[in-house]
Amino acid sequence: MRIENNTVVSFHYKLQEVGGEYTEDSSGGEPMLYLHGYRGLLPGLEDEMKGKSAGDKFSVEVTPENGYGLRDEDGFKRVPIKHLIGRKKPLLGDIVTVNTKDRKIQATVVKVGRHNVDVDTNHPLAGKHLKFDVEVIDVREATMDEVSHRHAHGPGGHQH
Ligand code: ZN
């Protein structure tokens, strides 16, 4: 079966920052699971999945525009430590959750002061060119539940 809208895909991937040091490798754990057609993956990766089937391997380079977005230089903010959720003594480089007026945002600590921290609210991979090596493990038809929830259910996907 080929990957098209409303199929559930499991796959392993190696992710590499082009010209950089960041790497990620799913092969030590469960394959990643997603419902195709709902932007559950980075656009540049999801587009490349279309038409593939179990056993297919491919590589794709993803630009920031089709990946985690461009870096926003206004993404640096100074926030009181008491506005961080669940982190009393943040350390440089920590990923923290900031409670803002209307939402919770993830950010990276770039400077720690006594009462405040400076955080970068850009995704750590924003602005980066990425290369994925993908192996498609399985493709199946989505259940009606999955389509109505707009995500895949099961190990590697949503479990609720
Ligand atoms: Zn669900």
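Order of appearance sets the numbers: ligands from 1, and atoms from 1 within every ligand. Residues: numbered from 1 along the sequence shown.
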Next on the checklist: My understanding is that only residues two or more places apart in sequence, or in another chain, count here; which of them pass side chain to side chain donor-acceptor pair (under 3.5 Å) with Glu24?
Outcome noted: Tyr13, Tyr22
Checklist entry - Sequence neighbours excluded, which residues qualify as salt bridge (Lys or Arg N to Asp or Glu O under 4.0 Å) partners of Asp47? => result Arg39
Checklist entry - Under 3.5 Å, is there a donor-acceptor pair between the His12 and Ser26 side chains? => result yes
Item to check | Counterpart residues, side chain to side chain donor-acceptor pair (under 3.5 Å), relative to Ser53 (two or more places apart) | outcome: none
Checklist entry - Do Tyr38 and His36 pass the ring-ring contact (aromatic ring centres under 6.0 Å, His included) test, and can you show the C-alpha distance, the side-chain angles, and the key distance before you say yes or no? => result CA-CA 6 Å; Tyr38 297 85; His36 189 82; 8.9 Å; no
Checklist entry - Quick one: does Glu46's side chain have a donor or acceptor within less than 3.5 Å of a partner on Gly40's backbone? => result yes
Item to check | Atoms of protein origin (N, O or S) under 2.8 Å from the Zn ion (ligand 1) | outcome: His149 ND1, His151 NE2, His153 NE2, His160 NE2
